[in-house]
Amino acid sequence: MNRLPPESLDRLADAISFHPDTEPGRLFRQALGRFATGVTVVTVGGPKGPVGMTVNSFTSVSLDPALVLWCPARSSSRHDIFAQARAWSIHVLGAEQLDICLRFTRGGPQFEGLELGMTALGTPLIPGVAARFDCHAHAVHEGGDHSVLVGRVAQVTVGGPDDHPLVFAAGRFGAFEPGEG
(Lines give C-alpha, C1' and ligand atoms only; values in the text may rest on other atoms or scores of the structure.)
Protein backbone atom coordinates (compact mmCIF):
# COMPACT_ATOMS: atom_id res chain seq x y z
CA MET A 1 0.00 0.00 0.00
CA ASN A 2 1.34 3.46 -0.92
CA ARG A 3 1.31 5.97 1.87
CA LEU A 4 1.25 9.72 1.37
CA PRO A 5 4.22 11.62 2.76
CA PRO A 6 3.35 13.73 5.87
CA GLU A 7 3.44 17.02 3.92
CA SER A 8 0.72 15.65 1.59
CA LEU A 9 -1.49 14.91 4.58
CA ASP A 10 -1.08 18.51 5.74
CA ARG A 11 -2.32 19.73 2.36
CA LEU A 12 -5.39 17.50 2.57
CA ALA A 13 -6.22 18.87 6.02
CA ASP A 14 -6.82 22.29 4.41
CA ALA A 15 -9.07 20.88 1.67
CA ILE A 16 -12.69 21.93 1.23
CA SER A 17 -15.31 20.02 -0.68
CA PHE A 18 -18.48 21.35 -2.29
CA HIS A 19 -21.01 20.64 -5.01
CA PRO A 20 -20.60 23.24 -7.79
CA ASP A 21 -24.38 23.71 -8.16
CA THR A 22 -24.81 24.80 -4.54
CA GLU A 23 -21.91 27.23 -4.13
CA PRO A 24 -21.14 30.55 -5.81
CA GLY A 25 -19.56 30.18 -9.27
CA ARG A 26 -16.49 31.98 -7.97
CA LEU A 27 -15.51 28.95 -5.85
CA PHE A 28 -15.78 26.65 -8.87
CA ARG A 29 -13.64 29.05 -10.94
CA GLN A 30 -11.05 29.17 -8.15
CA ALA A 31 -10.91 25.38 -8.05
CA LEU A 32 -10.48 25.23 -11.84
CA GLY A 33 -7.67 27.79 -11.48
CA ARG A 34 -5.61 25.17 -9.64
CA PHE A 35 -5.04 23.56 -13.05
CA ALA A 36 -2.45 25.53 -15.02
CA THR A 37 -3.21 25.91 -18.72
CA GLY A 38 -1.47 27.32 -21.72
CA VAL A 39 -2.78 30.48 -23.36
CA THR A 40 -3.88 30.60 -26.98
CA VAL A 41 -5.46 33.03 -29.40
CA VAL A 42 -7.87 31.47 -31.88
CA THR A 43 -8.37 33.39 -35.14
CA VAL A 44 -10.91 33.19 -37.92
CA GLY A 45 -11.81 35.17 -41.01
CA GLY A 46 -15.17 36.68 -40.04
CA PRO A 47 -17.80 38.22 -42.34
CA LYS A 48 -16.54 41.71 -41.41
CA GLY A 49 -12.83 40.86 -41.28
CA PRO A 50 -10.42 39.01 -39.00
CA VAL A 51 -11.59 37.99 -35.52
CA GLY A 52 -9.59 36.62 -32.60
CA MET A 53 -10.31 35.32 -29.11
CA THR A 54 -8.00 34.56 -26.17
CA VAL A 55 -8.66 31.00 -25.03
CA ASN A 56 -7.19 28.66 -22.42
CA SER A 57 -9.62 25.78 -23.04
CA PHE A 58 -7.46 24.12 -25.72
CA THR A 59 -6.46 20.47 -25.72
CA SER A 60 -5.58 17.59 -27.99
CA VAL A 61 -8.27 15.02 -28.77
CA SER A 62 -6.70 12.49 -31.13
CA LEU A 63 -3.40 11.79 -32.85
CA ASP A 64 -4.94 9.76 -35.69
CA PRO A 65 -6.68 11.64 -37.09
CA ALA A 66 -5.08 14.80 -35.69
CA LEU A 67 -7.90 16.49 -33.76
CA VAL A 68 -7.86 19.32 -31.20
CA LEU A 69 -10.62 21.17 -29.39
CA TRP A 70 -11.37 24.45 -27.67
CA CYS A 71 -14.45 25.85 -25.97
CA PRO A 72 -15.80 29.38 -26.57
CA ALA A 73 -18.46 30.77 -24.23
CA ARG A 74 -21.90 30.80 -25.82
CA SER A 75 -22.44 34.27 -24.33
CA SER A 76 -19.47 35.71 -26.27
CA SER A 77 -20.34 38.12 -29.06
CA ARG A 78 -17.75 36.23 -31.16
CA HIS A 79 -19.10 32.73 -30.43
CA ASP A 80 -21.24 32.30 -33.56
CA ILE A 81 -18.48 33.48 -35.88
CA PHE A 82 -16.23 30.67 -34.63
CA ALA A 83 -18.97 28.04 -34.28
CA GLN A 84 -20.04 28.58 -37.91
CA ALA A 85 -16.53 28.89 -39.41
CA ARG A 86 -15.13 26.30 -41.81
CA ALA A 87 -11.59 26.83 -40.50
CA TRP A 88 -9.73 28.52 -37.64
CA SER A 89 -6.18 28.72 -36.31
CA ILE A 90 -5.05 28.18 -32.73
CA HIS A 91 -1.94 30.20 -31.81
CA VAL A 92 -0.08 28.98 -28.70
CA LEU A 93 1.42 32.09 -27.12
CA GLY A 94 4.98 32.33 -25.88
CA ALA A 95 5.87 33.52 -22.37
CA GLU A 96 6.72 37.00 -23.67
CA GLN A 97 3.39 37.47 -25.50
CA LEU A 98 1.06 38.65 -22.73
CA ASP A 99 0.42 41.79 -24.81
CA ILE A 100 -0.92 39.61 -27.66
CA CYS A 101 -3.09 37.70 -25.19
CA LEU A 102 -4.67 40.90 -23.86
CA ARG A 103 -5.37 42.24 -27.38
CA PHE A 104 -7.90 39.46 -27.93
CA THR A 105 -9.78 39.61 -24.62
CA ARG A 106 -13.15 41.39 -24.39
CA GLY A 107 -12.69 45.03 -25.43
CA GLY A 108 -9.08 44.54 -26.60
CA PRO A 109 -7.83 46.14 -29.84
CA GLN A 110 -7.73 42.75 -31.64
CA PHE A 111 -5.69 43.05 -34.88
CA GLU A 112 -5.36 46.85 -34.79
CA GLY A 113 -1.71 47.73 -35.45
CA LEU A 114 -0.61 44.11 -35.97
CA GLU A 115 1.05 42.91 -39.14
CA LEU A 116 -1.60 40.59 -40.53
CA GLY A 117 -0.77 37.47 -42.50
CA MET A 118 -3.02 34.66 -43.70
CA THR A 119 -2.65 30.91 -43.45
CA ALA A 120 -3.23 28.54 -46.36
CA LEU A 121 -6.74 27.98 -44.92
CA GLY A 122 -7.47 31.73 -45.10
CA THR A 123 -7.35 32.30 -41.35
CA PRO A 124 -5.57 35.29 -39.79
CA LEU A 125 -2.00 34.51 -38.80
CA ILE A 126 -0.27 35.98 -35.75
CA PRO A 127 3.48 35.78 -36.36
CA GLY A 128 6.08 34.75 -33.80
CA VAL A 129 3.98 32.41 -31.66
CA ALA A 130 5.32 29.28 -29.94
CA ALA A 131 3.10 27.02 -32.10
CA ARG A 132 0.12 27.27 -34.44
CA PHE A 133 -2.49 24.70 -35.40
CA ASP A 134 -4.46 25.50 -38.58
CA CYS A 135 -7.70 23.52 -38.45
CA HIS A 136 -10.70 22.61 -40.54
CA ALA A 137 -13.88 22.66 -38.44
CA HIS A 138 -14.70 19.04 -37.67
CA ALA A 139 -17.58 19.15 -35.14
CA VAL A 140 -19.46 21.50 -32.81
CA HIS A 141 -21.03 20.14 -29.62
CA GLU A 142 -23.10 21.80 -26.91
CA GLY A 143 -21.27 21.97 -23.61
CA GLY A 144 -23.41 23.83 -21.08
CA ASP A 145 -22.65 27.55 -21.26
CA HIS A 146 -19.85 26.85 -23.77
CA SER A 147 -19.59 25.06 -27.12
CA VAL A 148 -17.00 22.39 -27.81
CA LEU A 149 -15.35 23.07 -31.18
CA VAL A 150 -13.34 20.18 -32.58
CA GLY A 151 -10.91 20.86 -35.39
CA ARG A 152 -9.02 18.55 -37.74
CA VAL A 153 -5.46 19.83 -37.89
CA ALA A 154 -4.36 20.58 -41.45
CA GLN A 155 -1.01 22.26 -40.70
CA VAL A 156 1.24 22.72 -37.67
CA THR A 157 3.89 25.42 -37.26
CA VAL A 158 6.27 25.26 -34.30
CA GLY A 159 8.53 28.07 -33.04
CA GLY A 160 12.13 27.72 -31.98
CA PRO A 161 13.37 25.31 -29.31
CA ASP A 162 13.64 28.09 -26.71
CA ASP A 163 10.02 29.22 -27.08
CA HIS A 164 8.34 28.61 -23.72
CA PRO A 165 4.58 28.93 -23.25
CA LEU A 166 2.57 31.63 -21.57
CA VAL A 167 0.70 29.95 -18.70
CA PHE A 168 -2.49 30.85 -16.82
CA ALA A 169 -3.23 29.58 -13.29
CA ALA A 170 -5.12 30.92 -10.27
CA GLY A 171 -6.26 33.97 -12.24
CA ARG A 172 -2.71 35.04 -13.13
CA PHE A 173 -0.37 34.78 -16.10
CA GLY A 174 3.17 33.48 -15.89
CA ALA A 175 5.91 31.57 -17.67
CA PHE A 176 6.99 27.97 -17.57
CA GLU A 177 10.48 26.86 -18.42
CA PRO A 178 11.06 23.12 -18.39
CA GLY A 179 13.83 22.05 -16.04
CA GLU A 180 16.50 19.43 -16.46
CA GLY A 181 15.36 16.04 -15.57
Side-chain angles (χ1 to χ4, degrees), residues 25 28-29 32-33 35-160 163 165-169 171-173:
F28 186 53
R29 279 183 79 95
L32 291 170
F35 183 73
T37 64
V39 180
T40 68
V41 171
V42 184
T43 61
V44 67
K48 296 181 181 177
V51 178
M53 179 185 292
T54 296
V55 173
N56 70 340
S57 60
F58 163 69
T59 191
S60 62
V61 174
S62 170
L63 297 177
D64 186 16
L67 299 174
V68 296
L69 70 76
W70 66 285
C71 304
R74 295 166 67 87
S75 62
S76 169
S77 62
R78 296 170 273 181
H79 173 274
D80 291 350
I81 296 169
F82 286 100
Q84 296 168 6
R86 292 183 178 181
W88 26 262
S89 291
I90 301 170
H91 301 77
V92 177
L93 299 184
E96 74 289 349
Q97 293 183 307
L98 179 59
D99 61 322
I100 299 294
C101 163
L102 298 176
R103 284 179 156 275
F104 295 95
T105 59
R106 185 178 317 151
Q110 296 266 320
F111 292 95
E112 185 180 311
L114 281 183
E115 181 180 323
L116 183 61
M118 289 294 199
T119 69
L121 296 181
T123 57
L125 180 151
I126 299 171
V129 296
R132 189 182 75 244
F133 300 86
D134 302 328
C135 303
H136 294 284
H138 180 75
V140 177
H141 303 283
E142 286 191 29
D145 59 2
H146 284 62
S147 291
V148 179
L149 277 59
V150 180
R152 185 162 187 160
V153 180
Q155 183 74 30
V156 178
T157 303
V158 180
D163 284 349
L166 181 62
V167 177
F168 184 74
R172 302 181 78 174
F173 294 97

Full working for side-chain contact (heavy atoms from CB on, under 4.5 Å) between Leu93 and Thr54: CA-CA 10 Å; Leu93 299 184; Thr54 296; 5.8 Å; no

Do Met118 and Leu125 touch side chain to side chain, with heavy atoms closer than 4.5 Å? no

Strictly distance-based, threshold 3.5 Å: is any side-chain N or O of Arg103 a donor or acceptor partner for the main-chain N or O of Glu112? yes

In short, Asp134 meets Ser89 closest at the heavy-atom pair OD1-OG, 2.6 Å

Can you tell me how the ring of Phe173 sits relative to the ring of Phe168, calling it parallel under 30°, perpendicular over 60° and tilted otherwise? tilted

Spacing of Glu96 atom CD and Leu98 atom CG [to the nearest 0.5 Å]: 10.5 Å

Going by heavy atoms in the side chains, are Pro72 and Val55 under 4.5 Å from each other? no

Backbone N or O of Val42 within a donor-acceptor pair of the Thr40 side chain at under 3.5 Å? no

With a 3.5 Å distance limit and no angle check, can you tell me whether His91 reaches the backbone of Val41 through a side-chain donor-acceptor pair? yes

Minimum heavy-atom separation for Val44 to Ala85, with atom names? CG2-CB, 3.4 Å

Can you see which heavy atom on Gln97 is nearest to which on Val129, and at what distance? OE1-CA, 3.6 Å

Nearest heavy atoms of Ala137 and Trp88, plus distance in Å: CB-NE1, 4.2 Å

At their closest point, which heavy atom of Val68 faces which heavy atom of Cys135, and how far apart are they? CG2-SG, 3.7 Å

Measure the NE2-NE2 distance between His141 and His146 for me, rounded to the nearest 0.5 Å. 16.0 Å

Closest heavy-atom contact between Leu166 and Cys101? CD2-CB, 4.0 Å

Give, for atom SG of Cys71 and atom CG of Asp145, the distance between the pair rounded to the nearest 0.5 Å. 10.0 Å

Starting at CZ of Phe82, measure out to CH2 of Trp70 and round the result to the nearest 0.5 Å. 4.5 Å

What I'd like to find out is whether the side chain of Phe133 reaches to under 4.5 Å of the side chain of Val92, using heavy atoms alone. yes

Main chain of Gly52, side chain of Arg78: is a donor-acceptor contact present, judged purely on distance under 3.5 Å? yes

Without swapping roles, check the side chain of Gln110 against the backbone of Pro50 for a donor-acceptor pair under 3.5 Å. no

Polar side-chain atom of Ser62 near backbone of Asp64 as donor-acceptor pair, under 3.5 Å: yes

Taking Thr43's backbone N and O only, do any of them form a donor-acceptor pair with Thr123's side chain (distance below 3.5 Å, no angle check)? no

Enter the distance from Arg152:CZ to His136:NE2 here, rounded to the nearest 0.5 Å. 9.0 Å

Is the count of non-hydrogen atoms from other residues, nucleotides or ligands lying under 6.0 Å from Arg74 atom CZ greater than 12? yes

To the nearest 0.5 Å, tell me how far Arg132 CZ sits from Thr119 OG1. 6.5 Å

